[in-house]
Amino acid sequence: IASLIANHDEHVYHVAQKVVICSEGPEIVLDARLPQAIRQAARDYVAQEQKVMDELRYNSATLDIPAFVRGHMLLIKSLLLSPALPSNRRKQLDLDILDVLLTYTGVFHRIFNSFPQNTEVLATCLQCLSLCCSESACLQEFVSDERGTTWNQDILQLTYVLSQNPLPRQYLPTLPMK
């Protein structure tokens, strides 16, 4: 499974998520080094994306968010939310996940800037960030990394956009007429 993840397979995440929800699933996933495979896949993708972006620098083309990035986030979220996750392995997992999220800073910057497109991926990555930074050591690492500043700015910008432009009327509750 780890090699499929490292090779950006977009379907393996469904299988890995099924493993995570089993009683011994988180241990199996951690022993198979899936978080490290996700980190390597993220680094490889970001390097490839940078080459493409350099070539498209003066064009108006935009890149879509690949399906495997969505898979990464869903698998990470499942793993972080698993009640069977061993507490003695949580700190290292949080740091590994934070490294993945910081590696994807440029991708998530595009997601923030394209709001309200890709809201599902945006919500999932924010949940992952929240879950892995619940530990003070991980939060300290996030704050000290310069890529964390980009995240902070993007989160503030999103908050501002949401405060100025609330959800469309169809998503808001109706007001009583009497």
Side-chain angles (χ1 to χ4, degrees), residues 1-21 25-53 63-82 84-114 118-155 158:
I1 292 178
S3 65
L4 292 172
I5 287 175
N7 290 320
H8 304 158
D9 186 298
E10 58 189 67
H11 303 292
V12 71
Y13 302 101
H14 302 293
V15 174
Q17 279 183 290
K18 301 276 189 221
V19 172
V20 167
I21 62 173
E27 277 290 343
I28 293 168
V29 166
L30 293 175
D31 289 342
R33 302 184 49 79
L34 294 191
Q36 291 80 4
I38 292 172
R39 182 174 52 213
Q40 187 58 49
R43 288 178 179 163
D44 292 345
Y45 173 73
V46 167
Q48 290 172 356
E49 180 186 73
Q50 187 59 48
K51 288 178 186 176
V52 170
M53 294 300 280
L63 296 176
D64 288 333
I65 306 305
F68 69 85
V69 172
R70 290 181 171 94
H72 285 170
M73 293 303 105
L74 292 172
L75 178 56
I76 288 169
K77 180 180 167 186
S78 298
L79 190 55
L80 291 172
L81 287 173
S82 174
L85 181 65
S87 60
N88 61 334
R89 298 183 80 179
R90 177 65 191 242
K91 183 177 180 180
Q92 185 58 47
L93 176 65
D94 285 344
L95 291 172
D96 289 343
I97 299 307
L98 181 62
D99 189 36
V100 169
L101 295 173
L102 289 173
T103 300
Y104 275 135
T105 295
V107 175
F108 293 134
H109 181 70
R110 282 200 335 267
I111 294 172
F112 277 105
N113 287 333
S114 68
N118 298 305
T119 54
E120 181 184 320
V121 179
L122 178 61
T124 304
C125 80
L126 289 173
Q127 289 168 334
C128 291
L129 180 64
S130 173
L131 289 167
C132 81
C133 285
S134 60
E135 294 291 322
S136 62
C138 196
L139 183 59
Q140 188 72 21
E141 180 82 19
F142 176 74
V143 170
S144 65
D145 192 297
E146 69 181 48
R147 296 170 295 179
T149 303
T150 301
W151 276 81
N152 284 334
Q153 291 170 345
D154 288 340
I155 291 169
L158 178 64

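All values below come from the heavy atoms of this structure, side chains included, with hydrogens, waters and symmetry mates left out. Throughout, residue positions are numbered sequentially from 1 according to the sequence presented.
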Do the side chain of [X] and the main chain of [Y] share a donor and acceptor less than 3.5 angstrom apart?
X: S130; Y: L126; answer: no
X: H109; Y: D154; answer: no
X: T124; Y: E120; answer: yes

Check whether any side-chain heavy atom of [X] sits under 4.5 Å from a side-chain heavy atom of [Y], and report yes or no.
X: L102; Y: W151; answer: yes
X: L98; Y: C133; answer: yes
X: L79; Y: L30; answer: yes
X: Y13; Y: L74; answer: no
X: I111; Y: T119; answer: no
X: L131; Y: I97; answer: no
X: T103; Y: R147; answer: yes
X: L158; Y: L122; answer: yes

[X] to [Y] - nearest heavy-atom pair and separation:
X: H72; Y: I38; result: CG-CG2, 3.7 Å
X: Y45; Y: D64; result: OH-O, 4.2 Å
X: C128; Y: L101; result: C-CD1, 4.0 Å
X: R70; Y: N118; result: NH2-OD1, 2.7 Å
X: V100; Y: M73; result: CG1-CE, 4.3 Å
X: P86; Y: P26; result: CD-CB, 4.3 Å

Residues, nucleotides or ligands: over 12 heavy atoms within 6.0 Å of R33 CZ: no
Please step through side-chain contact (heavy atoms from CB on, under 4.5 Å) for the pair F68 and V12, ending with a clear verdict. CA-CA 9 Å; F68 69 85; V12 71; over 6 Å; no
Straight-line distance of [X] [atom1] to [Y] [atom2], nearest 0.5 Å:
X: I5; Y: L75; atom1: CD1; atom2: CG; value: 5.5 Å
X: T149; Y: F142; atom1: OG1; atom2: CZ; value: 8.0 Å
X: R90; Y: L85; atom1: CZ; atom2: CG; value: 5.5 Å
X: C125; Y: K77; atom1: SG; atom2: NZ; value: 11.0 Å
X: D94; Y: E141; atom1: CG; atom2: CD; value: 11.5 Å
X: Q92; Y: D96; atom1: CD; atom2: CG; value: 4.5 Å

Test side-chain contact (heavy atoms from CB on, under 4.5 Å) on L34 and V19 and set out the steps. CA-CA 12 Å; L34 294 191; V19 172; over 6 Å; no
Salt-bridged, R89 to D31, with N to O below 4.0 Å? yes
Charged N to carboxylate O below 4.0 Å: is that the case for R43 and D99? yes
Side chains of Q48 and D44: is there a donor and an acceptor less than 3.5 Å apart? no
